[in-house]
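Take a look at the structure set out below.
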Amino acid sequence: MRKGIPNLSALQAFEATARLGTFSRAAEELSLTHSAVYRQVASLEARLGVQLFTRVRRRIALTDHGAEYAGRIRQHLDQIEKDTFGLVSRTGMGRSLHIAVVPTLATTWLIPRLADFNRQHPDITVSLSIRTLPFQFKDQPFDGALYHGDHLWPGTRGVMLFRERELVPVCAPAMAERSREEPGGPLAGMPHLHLNSRPDAWRLWYAENNHLFGPRAAGGPRYELFSMVLAAAQAGLGVGLVPRFLAQEPLEEGRVVMPTQSVLTVPHAYYFCYPDRGGRADALRIFQTWLQGVAVDR
């Protein structure tokens with residue numbers, strides 16, 4: 001028993017009252033009486049030793065502590081609701097998978113291919129959530145993860161799907177034309193676009209290609225996602241380093257160009273893994289087999 005956690009009914013009564021502004025409206029939503037909701041909130045305040053509402057005649061208002069607590073409790077209740085619906089969908093509406101995936105790979109590579117998986121396996125529902133950092137499966141509600149790295153996570157099983165191989169410099173065609181008139185190399189005069197999770201990428205590119213890494217290359221805007229770097233390059237904001245497989249379509253369509261053929265070789269790959277808990281669910285095995293197939297055809 002978790003002695004530090006208040007009664008769930010009291011938390012629901014408090015959250016509904018905080019959101020709706022009156023005990024009466026909260027009582028209506030929860031199918032309780034006004035007095036029942038009032039008692040639940042009062043008992044919660046007594047247990048916490050903190051005043052959550054100020055009461056003036058018939059009006060109530062959240063205190064500062066109450067407003068902060070209400071926001072946090074609302075998030076936790078929302079998550080409980082999502083987890084419950086997820087469990088129900090798994091047991092009552094066919095097979096279901098919840099996969100964590102890095103954002104750019106999700107939007108530019110995985111999601112466009114999921115229609116093929118749906119056609120082949122209409123009874124398996126695949127939900128996706130974004131995660132950019134490694135995590136422990138025991139602490140997260142995921143069946144598997146698709147991520148960028150150099151090995152499988154400890155305590156997991158899985159496969160390497162494909163290697164990233166290289167990052168290529170891309171920019172808008174007009175910027176590439178202007179840069180040809182600049183002395184000092186193919187990227188001289190261009191703002192350099194950086195990815196927060198790969199802060200050394202440009203420095204490594206300059207070292208690998210025997211160019212001097214100066215202050216201009218070290219400066220420039222920084223972005224959270226490769227998709228942002230690619231969009232910024234296309235918009236003429238500078239030159240960015242992105243994986244070749246992500247840049248291939250924009251390059252073929254002429255939305256971006258490579259101002260130089262010099263690239264940065266990278267050793268990392270994209271992996272699919274799942275917790276090492278003995279047997280695997282049949283749906284997880286089917287999804288991994290499908291992923292391996294589309295990765296080969298990439």
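For the single chain, residues carry numbers from 1 onward in sequence order.
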*Do Q75 and Q79 pass the side chain to side chain donor-acceptor pair (under 3.5 Å) test, and can you show the C-alpha distance, the side-chain angles, and the key distance before you say yes or no?*
CA-CA 6 Å; Q75 292 178 7; Q79 188 60 53; over 6 Å; no

*If the plane angle is over 60° it's perpendicular, under 30° parallel, otherwise tilted; pick one for W153 and F137.*
tilted

*Roughly how far, to the nearest 0.5 Å, is the CG atom of L152 from the CE atom of M160?*
10.0 Å

_Approximate separation, where rounding is to 0.5 Å, of L291 CG and L110 CG_ = 6.5 Å

_Joint hydrophobic cluster, L32 plus L20, side-chain heavy atoms closer than 4.5 Å_ = no

*Check for a donor-acceptor pair, side chain of T132 on one end and backbone N or O of V102 on the other, with a separation under 3.5 Å.*
no

*With respect to R244, which candidate in E166, E252, E249 satisfies the salt bridge (charged side-chain N to carboxylate O under 4.0 Å, His left out) definition?*
E166

*Look at R55 together with E45 and state whether they make a salt bridge at an N to O cut-off of under 4.0 Å.*
yes

*Is the closest basic N to carboxylate O distance between R113 and D116 below 4.0 Å?*
no

*Inspect the contact between E164 and R198 and indicate whether a charged nitrogen and a carboxylate oxygen are less than 4.0 angstrom apart.*
yes

_Close side-chain approach of L167 and W205, heavy atoms under 4.5 Å_ = no

_Distance, nearest 0.5 Å, that separates CZ of F226 from CG of L246_ = 7.5 Å

*Just how far is it from atom CZ of F142 to atom OG of S127, taken to the nearest 0.5 Å?*
10.5 Å

*What distance separates R39 CZ from S35 OG, expressed to the nearest 0.5 Å?*
4.5 Å

*Could you go step by step and tell me if Y271 and F162 meet the ring pair (Phe, Tyr, Trp, His ring centres under 6.0 Å) rule?*
CA-CA 7 Å; Y271 291 82; F162 56 88; 9.9 Å; no

*Hey, does E15 have a side-chain heavy atom less than 4.5 Å from the side chain of L11?*
no

*Is there a donor-acceptor pair under 3.5 Å between the side chain of D200 and the backbone N or O of R203?*
no

_Count I, L, V, M, F, W, Y as connected when their side-chain heavy atoms are under 4.5 Å apart, and connections chain through other members. Are V257 and L193 then in the same cluster?_
no

_Near-ring test Y206/H192, centroid separation under 6.0 angstrom_ = yes

*asked:* Assess whether a salt bridge exists between E68 and R72, defined as any Lys/Arg side-chain N lying under 4.0 Å from an Asp/Glu carboxylate O.
replied: yes

*State yes or no: are the ring centers of Y274 and F287 separated by less than 6.0 Å?*
no

*Considering all heavy atoms of both residues, which atom of F272 and which atom of L284 are nearest to each other, and what is their separation?*
CZ-CD1, 3.8 Å

*Nearest 0.5 Å please: distance from the CZ atom of F135 over to the OH atom of Y147.*
9.5 Å

*Side-chain heavy atoms under 4.5 angstrom apart, residues restricted to Ile, Leu, Val, Met, Phe, Trp, Tyr: same cluster for L251 and L237?*
yes

_Let me check something: do Y38 and L8 share a hydrophobic cluster, defined by ILVMFWY side-chain heavy atoms less than 4.5 Å apart, either directly or through other members?_
yes

